[in-house]
Amino acid sequence: MTEIRLASLQGGAITLESDAIAALRQTLRGNVCLPEEPGYDEARTIWNAMIDRHPGAVVRCRGTADIIRAVRLAREHGLLVAVRGGGHNIAGNAVCDGGLLIDLSLMRSVRVDPFHRTARVDPGATLGDFDKEAQAFGLATPLGINSTTGVAGLTLGGGFGWLSRKFGLAVDNLISADVVTAEGELVRANIAEKTDLFWALRGGGANFGVVSSFEFRLHPVGPMVLAGLIVHPFARAKELLTGYRDVAAKAPDELTVWVVLRQAPPLPFLPAEVHGKEIVAFAVCCAGDENEGKRALEPLRALGEPIADVIGMQPFAAWQTAFDPLLAPGAYNYWKSHNFVELNDGLLDTLVSHTTSLPTGECEIFIGQLGGATSRVAVDATAFPHRDAKFVMNVHTRWRDPADEQRSVAWARRLFAETAPHATGGVYVNFMPEDETDRVAGAYGPNYARLAALKAKYDPSNLFRLNQNVRPAAAQRPAA
């Protein structure tokens, strides 16, 4: 009889007889993939090519019952377990070496109720899946900016994008979640049921269970929005960034402007002589009236003399895919991130100086604009604590040749260190690479102790540990 060895939570290995796997296969709507079997490499391959892990077995789930059976198998045998949704997280926690991978990527249903303006979303759905369905009814909810990102991971970490200044974070629009707990039980969490779990899920990451279904509140958006890029030469970068700072401070909630510092990609609307040269790009989306949006954009458009201004009315779903070509899977990626309350002169000087030494042509610094509705929620209302952040910086290094790894990572770390004095000390958990486990407590700030206590309640053995892990709080000893 063949034996299958899987990594355990304790760091050793667990041996399962092949008939145990065969029995599991008989109960699933999905299937089990072992190494070298069809579907195995597809399941373990994720967006970031830096992650090349080989689980001992994969359960490719087709429904909630499959998730329950996989979790119960992991719990019963003490298996190291990873949970994959869209597989887009920079840290690569979606895959483990040697353990059990619970793959949700085949569960991609999105069901929109246009009458109540809600949507039920499966945990393997991508932003593209969501947008195609919701935009058929002229509806949307705040998610990210890249259509291949998974809804599940993005939401559990907080979730922000083009609509967040107007409508809040993804977690601010989460109505309920169906969750398979570490006990292998299905529960529903919302403002009336499992309220403590619902609080933790809204920004606490994948620490508390496997979400099998998300329910979101939707808002009228589009289907056409005012969006696009303004691209400037880099020579006046400091002046442009200073001007952007003033524009951002006065922008209405409907207007979101992000900054991208990078070398110009070969976009068709940019002159060939600019390709490969450093640029300052303003990425714009206005979730409101077209004419009001144009008026709000006048101060931004008055800055400098751009190489290109390609802002106009376009389908929101199309704008959500605009950066997909620059973020396609298959490249090596490493990120570093900070939150900022303001963009002071010292910070801007540092950003400008580092942009002149980008390690590869695909590396970039982007500044995402928050504030607006995201800042009008109490710090302790959800697990996501960064309500003071007006800007989020992501230092995104990206390369194709393994020989570029060392200098790309070193460049990101230098920039991260030099911008730290200007930052809040907080960080968006979805932007944390795998080597930042020391930042988890700081990432949750005043909410960390409550998260640790809830971890002890819902997952005391830390079964769900392959994430930006909140360790269970130690049991309190009785007073002597």
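Positions are given from 1 along the sequence. All heavy atoms count here, side chains included; hydrogens, waters and symmetry mates do not. Model, not experiment: these values are computed from the prediction.
When the side chain to side chain donor-acceptor pair (under 3.5 Å) test is applied to E183, the partners found at least two apart in sequence or on another chain are R75. With sequence neighbours left out, Y428 forms a ring-ring contact (aromatic ring centres under 6.0 Å, His included) with F160, F431. Remark: R465 pairs with no residue by the salt bridge (charged side-chain N to carboxylate O under 4.0 Å, His left out) rule, at least two apart or across chains. Residues forming a side chain to side chain donor-acceptor pair (under 3.5 Å) with R117 (at least two apart in sequence, or on another chain): none. When the side chain to side chain donor-acceptor pair (under 3.5 Å) test is applied to R165, no partner is found at least two apart in sequence or on another chain. Residues that satisfy the ring-ring contact (aromatic ring centres under 6.0 Å, His included) test with F167, not counting sequence neighbours, are H219. For R202, there are no salt bridge (charged side-chain N to carboxylate O under 4.0 Å, His left out) partners at least two apart in sequence or on another chain. Judged as a salt bridge (charged side-chain N to carboxylate O under 4.0 Å, His left out), and not counting sequence neighbours, the contacts of E37 are R25. Remark: R262 pairs with E364 by the salt bridge (charged side-chain N to carboxylate O under 4.0 Å, His left out) rule, at least two apart or across chains. For W319, the ring-ring contact (aromatic ring centres under 6.0 Å, His included) partners are W162, F323, not counting sequence neighbours.
If you check the side chains of N146 and D324, you find a donor sitting under 3.5 Å from an acceptor. Side-chain N/O atoms of R413 and Y334 include a donor and acceptor closer than 3.5 Å.
The list of salt bridge (charged side-chain N to carboxylate O under 4.0 Å, His left out) pairs with a residue in residues 170-179, not counting sequence neighbours, reads R120-D178, D172-R387, D178-R188.
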Next on the checklist: Please determine whether side-chain contact (heavy atoms from CB on, under 4.5 Å) holds for the pair L139 and F216, giving the CA-CA distance in whole Å, both sets of side-chain angles, and the decisive distance to 0.1 Å.
Outcome noted: CA-CA 11 Å; L139 297 171; F216 291 101; over 6 Å; no
Please tabulate, for side-chain N and O atoms in residues 326-333, each donor-acceptor pair with protein atoms closer than 3.5 Å (sequence neighbours left out).
from, atom 1, to, atom 2, distance (Å)
N333, OD1, H396, NE2, 2.8
N333, OD1, R398, NH1, 3.0
N333, ND2, A331, O, 2.9

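V395 has its side chain out of reach of W335: every pair of non-hydrogen atoms, C-beta onward, lies at least 4.5 Å apart.
Using a 30° and 60° split on the angle between ring planes, F340 and H338 fall in the perpendicular class, above 60°.
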